[in-house]
2 protein chains.
Amino acid sequence: MPKRPEVSAPRKAPGLSPLYRQVRTLLIQRIAEGHWRPGVLIPSEMQIAAELGVSQGTVRKALDEMTVENLLVRQQGRGTFVAQHDEARILFQFFKIAPDTGEPVFPESILRACVEAAADAGEAAALNLRAGAPVIRIARLRSLAGQAVISEYITVSAQLFPELGHDGALPNNLYAHYANRFGVTVAGGRERVKALPATAEDAPLLGLEAGAPVLLIDRVATALDGAPVEWRRSYCVTESCSYVSLLR
Amino acid sequence: MPKRPEVSAPRKAPGLSPLYRQVRTLLIQRIAEGHWRPGVLIPSEMQIAAELGVSQGTVRKALDEMTVENLLVRQQGRGTFVAQHDEARILFQFFKIAPDTGEPVFPESILRACVEAAADAGEAAALNLRAGAPVIRIARLRSLAGQAVISEYITVSAQLFPELGHDGALPNNLYAHYANRFGVTVAGGRERVKALPATAEDAPLLGLEAGAPVLLIDRVATALDGAPVEWRRSYCVTESCSYVSLLR
DNA sequence: CAGTGGTCTAGACCACGTC
DNA sequence: ACGTGGTCTAGACCACTGT
């Protein structure tokens with residue numbers, strides 16, 4: 001954090017981002033570089049403020065923003081923790097399929113395939129790789145309440161996730177695995193949703209006739225620095241569940 | 001705003017919400033009751049603080065929250081304004097259909113029907129009315145870049161929107177009309193998205209064969225107090241556009 | 001009890017838009 | 001020049017968690 005030359009009247013260098021944004025950027029780096037792992041308690045506001053030579057209020061504003069972005073979790077009386085990709089968070093932030101009656105639940109997964117390949121044009125574009133770069137392709141069938149409702153295809157860079165799934169088993173909660181095993185924190189993403197006829201491959205998996213309408217959720221997930229790290233296409237039966245979005 | 005008995009050490013009554021939340025609630029009431037209409041400049045932070053007997057910082061925190069909720073728009077050097085439902089805001093907050101190539105645009109509308117009727121079970125449940133209550137049903141066909149892509153069905157309470165559309169023409173931007181003509185501010189909503197086969201009624205409107213997949217966006221829009229005020233079902237062709245959602 | 005985040009206040013200066 | 005929101009600081013007390 002830049003030290004202020006003035007004694008009692010700190011000034012912001014013109015053209016620079018506000019102090020609290022600089023603090024935020026610095027703290028995000030600490031998470032991205034693995035100094036602060038998911039789940040750990042970070043220093044108190046006063047400690048961070050003293051270390052960086054800014055006031056507690058400035059640190060607070062940075063922490064508040066990061067809390068809104070789901071990067072931190074604050075607990076009064078305990079402290080501030082780096083957010084983890086536990087199922088509750090994913091249900092809230094990333095998994096927007098909810099049953100039409102009843103509470104949202106985290107889906108089960110059956111791994112259908114996990115192979116290494118060369119990136120095709122779509123994969124290269126989505127993940128910002130050169131065509132032909134090594135990627136890992138995963139296919140899963142996911143169930144809610146015992147019903148297979150999602151056929152999912154995932155592509156990631158084999159360079160970023162070396163030997164992902166080579167041990168045969170992949171955990172159901174992939175984003176926690178990305179963080180714990182590879183130090184890659186998924187922080188956000190962009191989904192494009194369409195209605196399509198079920199393909200000949202997916203229809204039997206989902207108990208449909210070929211051509212029946214399915215919901216495609218096309219997601220590019222991004223890391224803390226905004227770089228794309230996963231391309232996921234989920235084909236969903238929306239007979240008794242929906243893609244839910246809150247407008248706020 | 002509750003006056004504090006203490007002279008130099010304001011206290012919060014136990015069990016009450018924080019002061020800035022009470023300020024927020026009070027300011028939202030002023031908008032909901034029409035004292036502050038959409039688009040108007042509200043008093044400065046210092047004026048509100050003086051009027052309510054709280055500090056400027058407390059007012060600021062309330063205004064900041066309302067800005068995040070898209071209820072206010074702040075402009076440095078000018079002041080704070082009550083948010084309007086202009087096309088830019090709707091495009092950002094409510095209309096999540098975007099073309100797969102190119103920038104989002106606000107759709108054109110052709111009014112197909114506008115009739116008064118008695119609420120059926122679904123309408124009563126969505127709008128929190130008793131079955132049989134008077135409602136107004138609207139059907140529109142909406143286009144992007146000259147292509148009909150959305151067949152839309154809207155239901156509102158006839159009590160809340162008396163004689164809506166009785167003059168024959170309805171503006172394309174309905175939410176601005178709700179606010180200007182009826183003083184009802186749409187503040188949020190919840191959308192449930194499904195993939196369905198096109199009905200015999202919608203398919204020809206959208207240039208599809210009956211049974212072709214369409215995207216259903218089922219939206220209940222809510223007013224400032226959280227009460228449901230509009231039920232909207234949009235059937236979309238997603239051949240060259242998508243329902244876009246940012247995960248943050 | 002000590003330590004944490006949460007709230008509230010007060011005052012200073014900066015950046016921007018208007019007159 | 002003036003008033004606005006935007007940033008930064010400093011210090012107080014409250015509410016909660018753990019010992």
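Residue numbers begin at 1 in each chain, while the letters A, B, ... track the order of the sequences. In what follows, every heavy atom counts, from backbone to side chain, and hydrogens, waters and symmetry copies are set aside.
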Report task. Select from B:T80 and A:R21 the residue whose nearest nucleotide in DNA chain D is closer to the 5' end of that strand. Result -> B:T80

Query raised in the report: Counting only side-chain N and O atoms of A:S44, is one of them less than 4.0 Å from OP1 or OP2 of C:dT4?
Result: yes

Report task. Go through the steps for A:R142 and A:N172 under the test side-chain hydrogen bond (donor to acceptor under 3.5 Å, both in side chains), then give the verdict. Result -> CA-CA 9 Å; A:R142 312 194 77 182; A:N172 187 14; 3.1 Å; yes

Taking only nitrogen or oxygen atoms into account, show me every contact under 3.5 Å that the protein makes with nucleotides 16-19 of chain C, one pair per line with its distance.
unit_1	atom_1	unit_2	atom_2	d
C:dC16	O4'	B:Q76	OE1	3.1

Report task. Side-chain contact test, heavy atoms from C-beta onward, threshold under 4.5 Å: evaluate it for B:L71 versus B:L224 and give yes or no. Result -> yes

Query - Under 3.5 Å: donor-acceptor pair, side chain of A:R89, backbone of A:N70 - result: yes

Report task. With the side chain of A:Q47 defined as its heavy atoms from C-beta on, choose the nearest nucleotide among D:dT9, C:dG5, C:dT4. Result -> C:dT4

Query raised in the report: Which listed nucleotide (D:dC8, C:dT9, D:dG6) is nearest to the side chain of B:S55?
Result: C:dT9

Query raised in the report: Is B:I42 close to B:I31 at the side-chain level, that is, under 4.5 Å between some pair of heavy atoms?
Result: no

Query - Spacing of A:L19 atom CG relative to D:dC8 atom P, expressed in whole Å - result: 4 Å

Query raised in the report: Between the side chain of A:N128 and the main-chain N/O of A:A227, is any donor-acceptor distance below 3.5 Å?
Result: no

Report task. Give the rounded distance in Å between these two atoms: NZ of A:K61 and C1' of D:dG6. Result -> 7 Å

Requested in this report: I would like to know whether B:R219 and B:K96 meet side chain to side chain contact (heavy atoms under 4.5 Å, CB included); could you show each step before the answer?
Outcome: CA-CA 12 Å; B:R219 175 197 299 172; B:K96 315 246 276 183; 5.9 Å; no

